[in-house]
Q: 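Input: one structure, supplied below.
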Amino acid sequence: MYAVRMENITKCFGNVVANDGVRFAALPGEIHCLLGENGAGKSTLMRILFGLYRADSGSIYVNEQLANIAGPRDAISLGIGMVHQHFMLAERLTVAENIVAGCEPRRNGLLDYDRARRQIREVSERYGLAVDPNAVIEEISVGQQQRVEIIKALMRGARVLILDEPTAVLTPPEVDELFAVMRALRESGTTIVFITHKLKETMEISDRVTVLRDGKTIGTIDTSDATPDSLVEMMVGRSLPVHDDQRMPPGEVVLLELKDVSVAGRKGSRARLDGVSLAVRSGEVLGIAGVDGNGQLELEEVVTGLRRPSKGRIMLIGKDVTGLDTGRIKDRGVAYIPSDRLKRGMVDSLSLARNSVLGVHRCADFSRRGALLENAVREHAQTIVAKYDVRAESIDQPMGSLSGGNQQKMLVGRELARPHSIVIAAQPTRGLDVGATHYIREQILSSRNTGKAVLLISAELDEVLELSDRIAVIYEGRIVDVRPASQFTERELGLLMTGQRNEV
Amino acid sequence: MGLRGDVSRFAYSAVAVLLALLIGAVLIGASGYSVKEAYSNLLVGAFGGVYSLATTVVMSTPLLFTGLAVAFAFQCGLFNVGAEGQLYVGALTSAVVALALSGLPPALRVIMALAAGAGAGAALGFVPGYLKAKIGAHEVITTIMLNYIAISLTTFMVKAYFRDPGPVDQTVLLPPGSRLPELVPGTRVSLGIVVGILAVALLDRVIRGSVLGYEIQAVGRNPHAAEYGGVNVRARTIQAMMISGAVAGLAGSVEAMGTLYRFIPYFSPGYGFTGIAVAVIAGQSMWAVIPAAVLFGALQSGGQSMQLFAGIPMELMTMVQGLVILFVAAPTLGSMFLGLRLRSSEKGGGRA
Amino acid sequence: MIRARKFSVLLGIALAAVMVMGIGASGAAAAKPRVAIVFATGGLGDKSFNDSAYDGMKRAEKELGIEFDKVEPQAVAEYESLLMRFAQTRKYDLIISIGFDQADALQVVSARFPNQKFAIVDTVVDAPNVASYAYREAERGFVVGAIAGLTTAKKGDPRVVADKQIVGVIGGMDIPLIRANVAGYIAGARYVNPKVQVKYAYVGHWADPAKCKEMANAMLDEGVDVLWLAAGRSGLGGIKAAEERNRYAIGADSDQGYLAPNNILTNGMKLVDNTVYMAIDAVLKGKFTPGINLLGLSEGALGYSKNLVPADIIAQVDKLAAKVASGELEVPDDIDKVEPWLKALGK
């Protein structure tokens, strides 16, 4: 008997088929991973189960009873709960207020907060979900906010709990804590549907895995029968080659150097970057590891001229470039993959062709006497599309109509196509699926292999570990440690990133 | 964007015009006038015969320029509400220069007067552009303020320095050689409309085929990305505003040199503001400014006949024109002000 | 341009569709005489020329049995096409232009339609088929001047400065038309009251109320207690000054009494309604007279409004006006001619 069973679910958005005859079934008391690349239809399927979307066709059974789920209220009354990727919490209210919103315990028509707090304590103690009911949401960490969402779902009687990419927003220690909670819930008989595209987590936590690809069910297997490679093959439809490691040894020439660079904070607050000194040599990747918001954005902007340092110097190939604007810095041989590709990297309403020359449009290849050379621009765009496997209908479609992965490929292609000796790659695979991530990481490595200096700024610890020759850990705007990558363990990095230096 | 977008845009505009006219019909009928007479006069007055067509062209010409000016500024993400003021300084400057150069050959005289008018408009456009680029002053506010200044200043200049010695505050009538030549004898269809179409063609080339236009578009659509791409955002902002001002200035020049043959204070019934509606209908395409301007010109010209021969009072006629503006332009205007993008609805609903 | 054409077609279809749905039939052919009028850009509701002209048209409709079409232009640039469209129909016995700023347009259109009769009010267009209606400006100056000269001699009125007997006039511009008004005013005041002193000045602008107010205050300082403002919008400043100091002001063109009900003594009126009526009447009677038609008190085209004028003064002034209208008294139209004229009359 299944806790939930979905049969032949089909859902279209306009011309796009998001779910195409999908089957999915979860047993009571199991952790069931729903695995697939971005756009495979995972979230859509679960939103249908939770009543946020209506399936075009197909049926849903809860405890083997045909269920008619017209909205989240129906789903909740059937014991289904969902924690979204983006939390649905009122920032200014307390934990308790958020949890009871919508199903307030009442006494004499008034809210009974004492009872609410008691219930919250009970639930949180039982599953190890430590959280203070009186804390205000905006003052607690993202991990704690997630717990609030989980408690909220449990208090509404969820027996099937859907977690949509819950680890995306967490630091490594928080992931471990979440997994402990999930195991405790499993012990008590709760079914957990865990949406993810991360193989490692799937292997670690799940009992069974269902893989979706292009809106179709590829299969359901026991995790014990799976290997990371077999799961990738199910997700992508082919196996990914191992990164080609034909590389030049790192050189000795320092191509990019930061000397004691600081960025002042807003009045009264501490510096965003505090005396950062770094050197990146030719043929190496220097990875910056850190929890988001510890100065990575400032580092990225200061190196690329989008922001002026309040102190210190920035040297490119031995020349001081402090205070030059982005255009001039890039012209000195910097390829720059910005962390916020929508804001910085592209003009989403302009065509692929137009975007393919952003930043190089003034050079002689693409313009003459003030006129854009339309043919040269189009040719350039075609070359990038072909070389970087950008999936697009035409180079005339607006950039914004591409998927995130294809936008990023286009952008990386453009940056690596310009003459450069230094690559600044900030969050280069954020939000991308496995295939695109793999591809872009390969491009970064191949840049390194041809002797470029790469500064990699990434919140994905796996990525930093996989690509870097050396790793610098950033915490609260300071570089707390720099060593060759092989000398760090993941646990060590996790502690350094969260400021627990002494425990290393 | 693209041909399909244009076609659907025009289909939408056509439906909107029809709808506005239907509601107008109800209003006209309810006010006790003959709808058939009103609208047949509107149609005949706008398109029936050489003189009607010519009047439509004459009425469309200033709107073609002001619409183009506003549409071009839109490309840089700027909302030029100052076309009205730029038009006044352009008109006065051209009238004065055309008079002052009466010793030169007519062709040279006309070209220099047009250039002076465009230059004056550009100079007035520079001010809000500079204020926006340097201190972030919003161009809507500054251009509105400058409208008052420009209109009052031109009036003062006429009274103080360039007055025709008659009972009326206006400049001296331009001698024939200082006027824009009439294209259709007996109408006021002048070379101005040709200048307008050339301006459209030129700005279309700038937007679609030049480095400047590319950078202006990048600044207008995503200034952060433009900065990342090495574009001097401030310089482009100022330049876009100056070009827009120059085109609006030409609207005044052409009106003064091709229609009125002199500068008269307060001559414009709000060409600069109607230009905003024209630009909103035209959307992203420079060429689309032409049919959009003709729509308003036709309403004005047809509206004359509606008033003249169907006895429709001006108020009712203005209301019908207002309805057309409302229906055709409101959705775009609304989304512009509310920051809602039509695109987002197309993007939504992908596979999550 | 392809798009433009396409759009025109779409618009045409839209209009055609609406027309099919249209109700009512077009008007039957008119047997009555037809007149068209093109107002000035201020439009109806201006409480001045346009409204007054419209009153004249309505009176002509009722009393002369005409039908008329009217149009309110929104821009100076529209005058020519509006006149042209009226003329093209060739069904109007007369087309009337209101206001001096239509002169350029009428000059062009009248030349193109030599058989069409036109009239223009308040300015002169030199064409064989245009009747220009202008005014014997000195005559209205004369009547309000007479009222001023009699009023300043009144005793016990708080708005009159005792024992001074000074009146004033401020003109908009130093041009012949205004000088004629001033001359008439001086002549009128001195004719009824030889002891009176008359001050006069020109603003230099039609729309500078601030400067006019300054000048008015200077005159009031000197003891002027009745001040005529023949200065367009500038005059508003003078009226304001008189109101603030509680002296008498005289308005111009239309009844401006509402601006200062306790201080506007009278107004030197241009009766555009009568002018328009007369122009139509002349055409109907076959007496269309191209060229300059000067109108004055005798034609009822100029006059004064009664406002605060006491009955005894009205009686005296009406007698004088009748003398002017009958031609017995010819008012000088230049300031230099006023003294000799007074002498000749033995005053």
Side-chain angles (χ1 to χ4, degrees), chain A residues 11-14 16-19 38-47 53 85 164 214-215 304-306 325-331 336 338 340-351 354-355 357-362 366-367 369-374 377 396-398 400-401 403, chain B residues 1-6 9 74-77 133 201-236 239 243 283-285 332 335-336 339-352:
Chain A
K11 174 74 187 170
C12 300
F13 296 104
V16 181
V17 186
N19 284 159
N38 286 337
K42 309 182 295 277
S43 292
T44 303
L45 185 66
M46 287 301 115
R47 285 178 186 192
Y53 296 152
Q85 223 170 331
D164 191 355
D214 292 337
T304 53
L306 288 169
D325 65 36
T326 310
R328 298 232 171 80
I329 287 183
K330 289 173 76 185
D331 286 345
Y336 168 31
D340 193 338
R341 67 169 166 268
L342 284 172
K343 179 180 162 192
R344 287 287 182 193
M346 55 189 231
V347 182
D348 66 351
S349 57
L350 288 181
S351 67
R354 291 283 158 125
N355 272 285
V357 293
L358 183 65
V360 289
H361 56 276
R362 278 183 177 275
F366 302 118
S367 61
R369 273 179 278 128
L372 274 188
L373 302 174
E374 196 64 31
V377 170
D396 295 316
Q397 74 186 92
S401 65
S403 71
Chain B
M1 294 269 103
L3 189 65
R4 240 175 58 195
D6 280 352
R9 197 179 183 88
F74 275 161
Q75 288 294 318
C76 195
L202 179 70
L203 290 196
D204 179 70
R205 276 326 293 157
V206 167
I207 283 299
R208 296 201 303 168
S210 77
V211 171
L212 177 66
Y214 175 68
E215 295 195 351
I216 281 174
Q217 277 192 314
V219 170
R221 289 152 188 251
N222 185 348
H224 301 290
E227 186 189 9
Y228 160 93
V231 174
N232 187 336
V233 175
R234 292 176 172 191
R236 293 310 156 261
Q239 285 161 352
I243 292 172
Q284 299 294 340
S285 158
T332 328
S335 66
M336 237 166 54
L340 301 171
R341 295 190 185 175
L342 292 172
R343 255 182 302 132
S344 65
S345 63
E346 289 160 25
K347 263 205 271 182
R351 277 181 272 178

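Lettering follows sequence order; numbering is per chain, from 1.
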Q: Whether the side chain of B:Asn222 engages the backbone of A:Lys343 through a donor-acceptor N/O pair (distance < 3.5 Å, no angle test) should be reported.
A: yes
Q: With a 4.5 angstrom heavy-atom cut-off, could you sort out which part of A:Val357 is near chain B: side chain, backbone, both or neither?
A: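 For A:Val357, heavy atoms of backbone and side chain both lie under 4.5 Å from chain B.
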Q: Please classify the contact of A:Tyr336 with chain B as side chain, backbone, both or neither, using a heavy-atom distance under 4.5 Å.
A: both
Q: Nearest 0.5 Å, please: how far is CG in A:Asp348 from CZ in B:Arg221?
A: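 Output value for this atom pair is 9.0 Å.
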Q: May I have the step-by-step check of side-chain contact (heavy atoms from CB on, under 4.5 Å) for A:Arg362 and B:Glu215, ending in yes or no?
A: CA-CA 10 Å; A:Arg362 278 183 177 275; B:Glu215 295 195 351; 2.7 Å; yes
Q: Can you tell me which of B:Gly230, B:Ala226, B:Ser210 forms the most heavy-atom pairs within a distance under 4.5 Å of chain A?
A: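 Of the candidates given, the most pairs with chain A belong to B:Ser210.
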Q: I would like to know whether B:Val211 and A:Phe366 meet side-chain contact (heavy atoms from CB on, under 4.5 Å); could you show each step before the answer?
A: CA-CA 9 Å; B:Val211 171; A:Phe366 302 118; over 6 Å; no
Q: May I ask you to name which of A:Ser367, A:Gly327, A:Pro338 has the most heavy-atom pairs under 4.5 Å with chain B?
A: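 Looking at each of A:Ser367, A:Gly327, A:Pro338 in turn, A:Pro338 comes out on top.
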Q: Carefully, step by step, assess A:His361 and B:Val231 under the rule side-chain contact (heavy atoms from CB on, under 4.5 Å).
A: CA-CA 10 Å; A:His361 56 276; B:Val231 174; 3.9 Å; yes
Q: Please find the pair of heavy atoms, one from B:Glu227 and one from A:Thr326, that lie closest to each other, and give the distance.
A: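 Closest approach of B:Glu227 to A:Thr326: O-CB, 3.8 Å.
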Q: Minimum heavy-atom separation for B:Gly229 to A:Leu358, with atom names?
A: CA-CG, 4.0 Å
Q: Just verifying a value: how many Å separate A:Thr304 OG1 and B:Tyr228 OH, rounded to the nearest 0.5 Å?
A: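 Rounded to the nearest 0.5 Å, the OG1-OH separation comes out at 9.0 Å.
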Q: Please test A:Leu350 against B:Gln217 for side-chain contact (heavy atoms from CB on, under 4.5 Å), starting from the C-alpha separation and ending with a verdict.
A: CA-CA 8 Å; A:Leu350 288 181; B:Gln217 277 192 314; 3.7 Å; yes
Q: In terms of heavy-atom pairs under 4.5 Å, which option from A:Leu306, A:Leu45, A:Asp325 contacts chain B the most?
A: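 Result: the option with the highest number of such pairs is A:Leu306.
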